[in-house]
Amino acid sequence: MDTRRLQILAELSRLGSMRAVADVLGITTSTVSQQIAALARDMDTALIEPAGRLVRLTPAGRRLAEHAVTILAAVETAHRDLGPGAEPNGTLRVAGFATAIRGYLLPVVVELATSTPRVHVLIREHEPAESLELLAADEVDLALTYDYTLAPAAEDPTVSATPLWTARWGLGVPAEAEPEEGTEKGTGEGTTLDVFARFRTSDWIVNSRNTADEEVIRTLASMAGFRPRVTHQADSLDLVQEMIAAGLGVALLPIGFPTLPGVRLVPLAAPDVELRAYAVARHGRLDWPPLALVTDLLRAAARR
């Protein structure tokens with residue numbers, strides 16, 4: 001149903017003549033007549049009838065005019081509610097990886113409860129590939145994803161990715177694994193390729209739901225001259241640490257992540273291993289106020 005035609009009908013009900021409607025809306029009397037006739041065809045009922053030299057609304061026309069006032073008011077409210085300058089409100093569906101949710105999104109949700117209570121956030125924990133699939137299917141509005149400097153994500157022209165933060169990663173090894181002679185544990189242990197070469201005979205632990213860290217490991221191992229023996233997979237970083245402490249292998253871990261007593265974190269430098277986090281939305285959606293607000297708050301949280 002064309003809301004412009006409903007507006008013309010509502011004005012005809014209010015003003016009583018097609019000429020008056022034409023003057024108010026800045027159109028011709030002929031256009032008014034044509035639009036009312038088209039609306040009548042849409043509704044499959046007569047909306048006006050002759051009344052001397054003028055016209056008047058039929059009972060069906062008067063009833064539709066009443067509905068038109070309500071419909072037009074609802075449309076105007078929707079424009080104010082959804083426009084770029086509107087106060088954010090509505091439900092925002094977010095899918096993201098656990099670190100982003102725990103460290104960044106949850107504090108934002110707590111802040112929104114006080115500052116913008118009309119915005120509600122629904123959270124789903126997923127790895128990047130899963131989150132992007134949900135975004136493509138329009139099952140979520142925002143995806144929190146990551147890639148690595150040595151394993152960049154493929155570009156997707158249908159989405160817009162807002163950089164959030166970067167984090168350095170090192171190699172988690174069993175605590176009893178000795179550093180190179182003349183170095184202190186955890187510092188000055190050579191380049192990334194030196195570190196990888198020292199653990200060439202180890203088993204390697206990778207993510208069970210994402211292949212990016214395995215791609216990084218295989219790339220660096222190839223540069224160091226060997227093929228890594230990837231044996232174990234786990235999604236939880238806590239579980240990965242327990243596996244390292246149990247002597248099951250070595251794995252990439254974020255610098256600054258609290259380590260278990262049985263785990264030592266060896267820094268990786270030259271080349272550095274960095275995780276890059278993003279807030280990803282479909283093109284054309286970024287001006288929706290709840291989405292714009294949460295993205296801005298996540299960026300502010302990342303800067304802090």
Participant: Output yes when a side-chain donor or acceptor of D203 lies under 3.5 Å from a complementary backbone atom of T231, and no otherwise.
Facilitator: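 Here the side-chain-to-backbone pair does not exist.
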Participant: Looking only at heavy atoms, which two atoms of R5 and A38 are closest? And how far apart?
Facilitator: CZ-CB, 3.5 Å
Participant: Looking at T192 and A269, would you say the former's side chain and the latter's main chain have a donor-acceptor pair under 3.5 Å?
Facilitator: yes
Participant: In residues 94-105, what donor-acceptor pairs under 3.5 Å come from side-chain atoms, sequence neighbours left out?
Facilitator:
none

Participant: Would you say the side chains of T31 and T28 form a donor-acceptor pair under 3.5 Å?
Facilitator: yes
Participant: Check the pair W169 / F257 against ring pair (Phe, Tyr, Trp, His ring centres under 6.0 Å), numbers first and verdict last.
Facilitator: CA-CA 9 Å; W169 281 54; F257 192 77; 8.4 Å; no
Participant: Could you walk me through whether F196 and W204 satisfy the ring pair (Phe, Tyr, Trp, His ring centres under 6.0 Å) test, starting with their C-alpha distance in whole Å, then the side-chain angles of each, then the deciding distance to 0.1 Å, before giving a yes or no?
Facilitator: CA-CA 11 Å; F196 265 57; W204 292 76; 4.9 Å; yes
Participant: Tell me whether E274 contacts the main-chain N or O of T149 through its side chain, where contact means a donor paired with an acceptor under 3.5 Å.
Facilitator: no
Participant: Tell me the closest heavy-atom pair linking R14 and E11, and the distance in Å.
Facilitator: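 In this case the closest contact between R14 and E11 is NH2-OE1, 2.7 Å.
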Participant: Determine whether a donor-acceptor pair (N or O, by modelled atom type, separation under 3.5 Å) exists between the side chain of T116 and the backbone of R118.
Facilitator: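 Side chain of T116 to backbone of R118, a donor-acceptor pair under 3.5 Å: no, none is there.
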Participant: I'd like to know if the side chain of D194 and the backbone of T191 have a donor-acceptor N/O pair within less than 3.5 Å.
Facilitator: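 A pair under 3.5 Å: yes.
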Participant: Using atom types as modelled and distance alone, determine if a side-chain donor or acceptor of D272 lies under 3.5 Å from a backbone N or O of A270.
Facilitator: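 Flag set: sc D272 to bb A270 pair under 3.5 Å.
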Participant: So which of T166, D147, T145 actually passes side-chain hydrogen bond (donor to acceptor under 3.5 Å, both in side chains) with R276?
Facilitator: D147
Participant: Taking the basic N atoms (NZ, or NE/NH1/NH2) and the acidic carboxylate oxygens, is any pair closer than 4.0 Å for D156 and R282?
Facilitator: no
Participant: Would you check if the side chain of E66 reaches a backbone N or O of A10 as a donor-acceptor pair within less than 3.5 Å?
Facilitator: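 Checked: no pair found.
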Participant: Distance-only, no hydrogens or angles: does the S17 side chain make a donor-acceptor pair with backbone N or O of A20 under 3.5 Å?
Facilitator: yes
Participant: V69 and V75: same hydrophobic cluster, using ILVMFWY side-chain contacts below 4.5 Å?
Facilitator: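 Result: no, two separate clusters.
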Participant: Considering all heavy atoms of both residues, which atom of R200 and which atom of G225 are nearest to each other, and what is their separation?
Facilitator: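 That closest heavy-atom pairing would be NH2-O, 3.1 Å.
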Participant: Would L253 and I244 count as a side chain to side chain contact (heavy atoms under 4.5 Å, CB included) if you check the C-alpha gap in whole Å, the side-chain angles of each, and the deciding distance to 0.1 Å?
Facilitator: CA-CA 11 Å; L253 290 174; I244 295 171; 4.1 Å; yes
Participant: Hey, are R93 and E139 close enough for a salt bridge, meaning a charged N less than 4.0 Å from a carboxylate O?
Facilitator: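 Result for this pair is no, no salt bridge flagged.
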Participant: Taking all non-hydrogen atoms of both residues into account, name the closest pair between R285 and D141 and its distance.
Facilitator: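 Reported closest heavy-atom pair: NH1-OD1, 4.5 Å.
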Participant: Please check if the side chain of H232 supplies one atom and the backbone of I205 the other of a donor-acceptor pair under 3.5 Å.
Facilitator: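 Not a single qualifying donor-acceptor pair exists.
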Participant: Distance-only criterion, 3.5 Å: show the donor-acceptor pairs between side-chain atoms of residues 214-224 and protein atoms not counting sequence neighbours.
Facilitator:
{"from": "E214", "atom 1": "OE2", "to": "R218", "atom 2": "NE", "distance (Å)": "3.0"}
{"from": "E214", "atom 1": "OE2", "to": "R218", "atom 2": "NH2", "distance (Å)": "3.1"}
{"from": "T219", "atom 1": "OG1", "to": "E215", "atom 2": "O", "distance (Å)": "2.8"}

Participant: Return the minimal non-hydrogen interatomic distance between S13 and L57, and the atom names on each side.
Facilitator: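 Heavy-atom minimum between the residues: CB-CD1, 3.5 Å.
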Participant: For R4, which residues count as a salt bridge (Lys or Arg N to Asp or Glu O under 4.0 Å) partner, sequence neighbours excluded?
Facilitator: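 With sequence neighbours excluded, R4 shows a salt bridge (Lys or Arg N to Asp or Glu O under 4.0 Å) to no residue whatsoever.
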